[in-house]
Amino acid sequence: MRNSWADSVENVATDNVGPSGGTGASASTRRSSYVPPHLRNKPIAAEPLAPSQGGPPGNDRLGFNGPTSGSRWGGSRPDYGRQGGYSGGGRSGGGWGGRGGGWSREREVNPFGNDADVDLEQSFDQENTGINFDAYEDIPVETSGENVPPPVNTFAEIDLGEAVNLNIRRCKYVKPTPVQRYAIPISLAGRDLMACAQTGSGKTAAFCFPIISGIMRGSFPQRPRGVRTVFPLALILSPTRELSMQIHEEAKKFSYETGVRVVVAYGGAPINQQLRELERGVDILVATPGRLVDLLERAKVSLQMIRYLALDEADRMLDMGFEPQIRRIVEQMDMPPPGERQTMLFSATFPKEIQRLASDFLANYIFLAVGRVGSSTDLIVQRVEFVHDGDKRSHLMDLLHAQMANGVHGKHALTLVFVETKKGADALEHWLCINGFPATAIHGDRTQQEREQALRTFKRGDTPILVATDVAARGLDIPHVSHVINFDLPNDIDDYVHRIGRTGRAGKTGLATAFFNEGNLSMSKPLADLMQEANQEVPEWLTRYASRSYGGRNRRAGGGRFGGRDFRRDSSYNRSGVGVNYYDGGNSSGGYGNYSGGYGPGVTSAWD
DNA sequence: TTACACT
């Protein structure tokens with residue numbers, strides 16, 4: 001049902017974010033044969049498997065047994081340096097028929113919906129991708145580290161395999177985003193990676209594609225069977241339940257009909273259903289830390305077969321609240337150490353002290369910084385207004401009324417309002433509702449059902465205003481958020497960066513308004529600096545506050561147009577200062593000669 | 001000090 005205001009914004013917000021993830025759709029009927037998991041990696045017999053052959057016994061749910069060999073991708077890649085990695089390329093003639101396969105005989109739900117294959121033959125124009133590639137022109141990129149693999153320009157250049165390539169087309173991805181262009185070759189080369197890139201710039205695909213293709217072509221020892229413990233090959237951790245769900249949804253699209261199984265586990269939901277999913281088999285586990293620790297303690301999951309570890313929103317995962325849990329998972333359970341697994345850390349912000357912590361998890365890693373696509377660029381118009389606490393509600397009301405008067409609201413113009421506390425979120429939601437604004441709220445004191453419901457009605461536009469705590473600050477991809485209001489400013493500039501990154505997604509423009517008052521003095525300088533960097537109009541009064549330099553504990557991760565800079569380059573972490581050349585400013589060649597593994601000479605001792 | 005992360 002469309003009404004006039006919806007029509008009026010239709011032209012403004014015409015993003016198209018690919019196919020919706022329909023559920024209940026039947027699997028493609030084209031799939032005529034099935035290669036069971038326990039045969040997929042068998043040495044290849046002379047004849048390909050007949051459609052009717054094989055099929056696991058009903059209780060064969062731990063898959064991938066038997067000696068492994070066989071890669072459909074026989075060609076060898078240039079070796080970019082990792083010794084003893086898991087990139088099992090080089091063999092030829094193997095394969096499992098390119099028809100997918102899987103852990104159980106049940107049909108895999110088509111995450112693309114019924115009609116996904118219909119237009120596969122059409123040529124894709126950029127209108128369909130949901131990503132405005134023009135916005136990616138001239139994105140500045142920095143890489144550092146030893147022997148950095150060169151970026152690619154097209155998916156065709158990347159050897160991800162037929163099945164993944166098909167999913168890329170189903171996703172209507174025309175060409176890789178900047179972070180994908182750099183991160184995928186790095187990851188395919190088996191290298192560890194620390195990457196700064198705004199979510200919404202294709203980060204999830206950047207770490208999922210290499211993991212999926214690596215699992216498909218890799219050879220792994222037989223996973224124990226007959227026990228209630230499952231042994232995933234890849235672990236993806238994220239700081240919130242909703243973000244884990246979102247990663248899971250995406251990963252299922254990327255792995256459709258590849259035979260690679262993705263399972264999600266998070267708290268607030270009944271554990272039994274998650275356990276059942278796990279017991280049906282799992283290659284890639286997406287999880288929040290708390291629930292994963294629970295599963296590990298119950299010995300339902302073992303990490304001893306982990307070959308890929310990805311931390312999304314890695315700086316959050318390593319900050320005070322999360323660090324002990326993450327260390328426990330990564331260092332104190334049965335996960336293979338750095339060097340024996342491949343580790344990828346992604347975040348839009350990477351403060352140096354967090355980089356230092358993170359380097360414990362990495363071996364000879366490459367640092368990658370992709371200029372922000374969605375936050376401190378001109379894609380987001382940032383405004384700051386001086387509003388006393390007592391005036392915030394009426395000021396918010398003014399903003400919302402003004403929006404409505406301009407026709408900027410409705411299904412395609414959602415407003416996300418960030419507050420500091422859970423109580424504050426409830427209070428503001430209630431106040432908005434009794435004042436006639438269709439609002440809902442999401443925060444950690446609501447039940448998981450309520451949280452998911454809130455996100456759903458917000459996305460659908462049924463409640464086009466969402467009041468949120470920082471639970472919604474990171475990573476969530478909510479199309480059509482046209483306005484982010486920082487009703488309460490966060491205490492940390494990086495949190496601000498993540499919050500406003502909920503708008504201006506995938507190359508589209510957005511508006512971010514912040515309410516500033518005496519309670520936010522410590523934010524004046526970092527906020528003014530950030531806005532300045534982003535060519536935003538900085539109000540004169542904010543510059544005045546900033547020049548008085550309050551607080552000062554608010555670090556900017558890096559300068560200029562980047563979300564961060566390799567802390568190994570910072571001389572304060574490098575006492576010796578002797579010609580350590582980690583850094584190649586032009587992302588091209590040369591300049592790695594002095595790097596000798598680990599963190600490099602003079603660096604390891606810098607903080608111990 | 002808050003928020004997030006398991007029953």
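Since this is a predicted model, take the numbers as computed values, not measurements.
The separation between A/Leu275 atom CG and B/dC6 atom C1' is 12 Å, rounded to whole Å. What separates CG of A/Asp319 from P of B/dC4 is a distance of 13 Å, to the nearest Å. The separation between A/Phe418 atom CZ and B/dA3 atom P is 14 Å, rounded to whole Å. The CG-P distance, from A/Leu237 to B/dA5, rounds to 13 Å in whole Å. When the C1' atom of B/dC4 is taken as reference, atom CG of A/Asp494 falls 17 Å away, rounded to whole Å. Between the CE atom of A/Met317 and the C1' atom of B/dC4 there is a distance of 10 Å, rounded to whole Å. In this structure, CD1 of A/Ile271 is placed 15 Å from P of B/dA5, rounded to the nearest angstrom. Going from atom CG of A/Asp445 over to atom C1' of B/dC4 covers 11 Å, rounded to whole Å.
The listed nucleotides are B/dT1, B/dC6, B/dA3; the one nearest the side chain of A/Thr288 is B/dC6. Among B/dA5, B/dT1, B/dC6, the nucleotide with an atom closest to any side-chain atom of A/Asp294 is B/dC6. Distances were taken from every side-chain heavy atom of A/His443 (C-beta onward) to each of B/dC4, B/dA5, B/dT1; the shortest belongs to B/dC4.
Each of A/Glu420, A/Arg383, A/Gln382, A/Arg499 was checked for a side chain to side chain donor-acceptor pair (under 3.5 Å) with A/Asn486, and the lone residue meeting it is A/Arg499. Considering A/Arg451, A/Arg474, A/Arg456 in turn, A/Arg451 is the only one that fulfils the salt bridge (charged side-chain N to carboxylate O under 4.0 Å, His left out) rule with A/Glu242.
Contact between the side-chain N/O atoms of A/Arg446 and the OP1/OP2 oxygens of B/dA3 is not found at any separation under 4.0 Å. Within the structure, a side-chain polar atom (N or O) of A/Lys422 is placed less than 4.0 Å from OP1 or OP2 of B/dC4. In this model, the phosphate group of B/dC4 is approached by a side-chain N or O of A/Thr469 to a distance below 4.0 Å at OP1 or OP2. OP1 or OP2 of B/dC6 has at least one side-chain nitrogen or oxygen of A/Arg241 nearer than 4.0 Å.
Within 4.0 Å (heavy atoms only), A/Gly267 reaches sugar-phosphate atoms of the nucleic acid but no base atom. Using a 4.0 Å heavy-atom criterion, one finds that A/Val471 contacts the sugar-phosphate atoms exclusively. Nucleic acid contact class of A/Arg451 (heavy atoms, under 4.0 Å, all strands): sugar-phosphate only. No contact: A/Ala287 has no heavy atom under 4.0 Å from any strand.
Using a 4.5 Å cut-off on side-chain heavy atoms (C-beta onward), A/Leu295 and A/Leu278 make contact.
Aromatic ring pairs are classed by plane angle as parallel below 30°, tilted from 30° to 60° and perpendicular above 60°; the pair A/Phe386 and A/Tyr545 is parallel.
For A/Lys392 and A/Phe487, the positive end sits near the middle of the six-membered ring, less than 6.0 Å away and at most 45° from its axis.
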